[in-house]
Amino acid sequence: MLKDILLKENYQVIVSFLDGFLENCELSRGILEQSGKRMCELWEDNADGGIRQKLLGTLGRTILHQAAQVGHSHIIRYLSDSLQAGQHLETMHNLFLMKDELGQTAWHLSAEIGKLKTLEELWGWAIEAKVNLKDDLLLAKDNNDQTACHLAAGNEHPGVMRKLLKFAEAELSQQELKNLLLAKDKEGQTIWHLAAWENYSHVFQTLMEWAEKANLNQQEFKAVLLEKDDRGRTPWHSGTLNNHPEVYEWVTKMIKNPQEQKELLKKLFFHKDKDEQTIWHLAARSIHADVFKMLLDVADEALSKEELWELLLTKDTMGQTAWHLSAENGRAESLNTLWEWAKKVHINENELKNNWLLSQDMRGTAWHLAAQRGHITVLKKLWDWAREMNLNLEDLLLVRDISGRTAGHLAVEMGNTRTLEEIFDWAKEAKLNLEVDLLLAKDWNGQTPLEDLKDCPFISEDKKAEVLQQWIHYLPDA
C-alpha cells in the first residue's frame, strides 16, 4: 500500500501529509529495518535482480524520483534510513542510479525543482551508498545532455546553484570545474545560456564565483559570452528573446576595460544566428516595449550612429529587418522607439522612406504585414509618419508585395473588416479611385481582392459574407 501511495500521483495529498508526519516522527530501528527489508524485497526481481516494472511510476520513475520531484526530503530520509538500517547498500546504490525515461536520476529532478533540503539529502544518500559523486552526480547527463547544473541554472531558488558549486568544488579539479561551466546540452546551450533565459541575479553571481574558482581568464570570459548554441545564439540573445536584455550587464561586470566592453558589445550586437537574425530581430517580437528602448540606449553608448543604422537595416533570411518584425507582431511602441531615435540622430527622409516605410521583405512592406495581421495601431502609426514626411500617400496605400497584392488584398484574405474600414477611409483622404485602385485592383495572377476572398480556405462563410457586404458598401453605386 505504501509503495502505491509513494508512486502514484493521485495520492499526492497523502504523500505530502506523510512527509510532514515524518518530519516530526522518529521511527525505531526495528521499524526501519522492517521497512528496508520489505523495500528491498519489492525492489529486486527474483529472476534477474533487476527492477520490477510495476514498481515504476509515470515516466518510469521510482519512489525516489517521485519524492525528489516534489521536494519531499523527509520521505527521502525515511527511505535512506530504512535501507541503511538493514544494510541494503546495493539497493540504495541501484535506486539512486535508476534513470527515468528522460535519462534523469532523482538528483537531476531535485536540482531542477530547486529544493535545497532535498538536494542535500540526496547528496548524503549518494555518500552512504558509495555512488561515484563526480561521474554519477556532478557530471551525469540526462537524455538532453544536461547536468544538474544546467537544470538548476534557470531556478529562482538562490541556494541550489551555490550548493552545487560547493559540492563541485570539493570533488572536481579546476579543469573539470571549467569543463562543467562550459558544457553544452544537445541544443548547444551552456549553463550561461540557460541562466540568461531567466536572468536571476543570484545565479549569475554564483556563476561568477564558479568562473573565478575555475580560473577563467578575460579571454575565456569573452568566449563564454560569445558562445553560440545550435541556433547560433549567444547567452545575450537567449536572454533578450525572453525579455531580459539587461543580460548585457554581464559584459560590464565581467570585462573591466571600457574599450574592451565596447568591442565585445559591438560583436554581440552584430552577431547573427542561423536565421541571420541579430539581437534586434529577437527584440522586435517582444511584447515589452522597454526591451527595444534598453537596447537602443546600450547601442547608443557602444556604437556609432552609422554602425547602429547599419545594424537596424540588417535583414534576416526572410529579408526582414527589426522594423518589419515589429510591424508584423503589432509592436507599435517598438516602432515608435525606432522612429524617434531616427529623428533624433537625423536619419534623412529618403532613407526612412526607402529602408523602412516602403522597404520590402520576402512578403511585403511593414504596411502589408500589419494589414495582414490586423494591427490597426501599427497601420495608423505608419500612416501618420507618411503624412509627417509628406510622402505621396498613394505610394503607401497601393504599394504591392511580391505577389502584386495591396494591403486591401491581404486584409480581405484574412477577413480583417476593421482594417478594411481604415484602408477605405485613408483611400478617401488620399483621393483615390476606390473602384479602380482598391476594389478591382489585380495582383500578378490577375486576382481581385474579392476573388481572393472567394478562394480563401481558412475563413468561414459567415466572415466571407461580412467582408463582401462591407465591400459592396463602398462600390460607387451602393
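Put simply, the side chain of Arg285 never gets that close to the backbone of Asn329: no donor and acceptor are under 3.5 Å apart. His409 places no side-chain N or O within 3.5 Å of a backbone atom of Asp401 that could act as its donor or acceptor partner.
Residues Leu138 and Leu180 come closest through the heavy atom pair O-CD1, 3.9 Å. Closest of all the heavy-atom pairs between Phe269 and Leu295 is CZ-O, 3.8 Å.
For the side-chain contact (heavy atoms from CB on, under 4.5 Å) test, residues two or more places apart in sequence or in another chain that qualify with Ala289 are Glu333. Applying the side chain to side chain donor-acceptor pair (under 3.5 Å) rule to Glu260 yields the partners Lys222; only residues at least two apart in sequence or on another chain are considered. Every residue two or more places apart in sequence or in another chain was checked for a salt bridge (Lys or Arg N to Asp or Glu O under 4.0 Å) with Lys274, and none qualifies. Glu388 is linked by a salt bridge (Lys or Arg N to Asp or Glu O under 4.0 Å) to Lys343, counting only residues two or more places apart in sequence or in another chain. Annotation: salt bridge (Lys or Arg N to Asp or Glu O under 4.0 Å) contacts of Glu429 (sequence neighbours excluded): Arg387.
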Ring pair (Phe, Tyr, Trp, His ring centres under 6.0 Å) assessment of Trp426 paired with Trp367: CA-CA 13 Å; Trp426 288 325; Trp367 182 258; 5.5 Å; yes

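Residues Trp385 and Trp323 place their aromatic rings such that the two centres sit under 6.0 Å apart.
Asn243 and Ser286 share a donor-acceptor pair across their side chains, judged by distance under 3.5 Å alone.
Trp250 and Phe204 have parallel rings, their planes meeting at less than 30° on a 0 to 90° scale where 60° marks the start of perpendicular.
How far OG1 of Thr365 is from CG of Asp395: 11.5 Å, rounded to the nearest 0.5 Å.
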Side-chain donor/acceptor pairs under 3.5 Å, residues 158-168, sequence neighbours excluded:
from   : atom 1 : to     : atom 2 : distance (Å)
Arg162 : NH1    : Glu209 : OE1    : 2.8
Arg162 : NH1    : Glu209 : OE2    : 2.9
Lys163 : NZ     : Glu120 : OE2    : 3.3

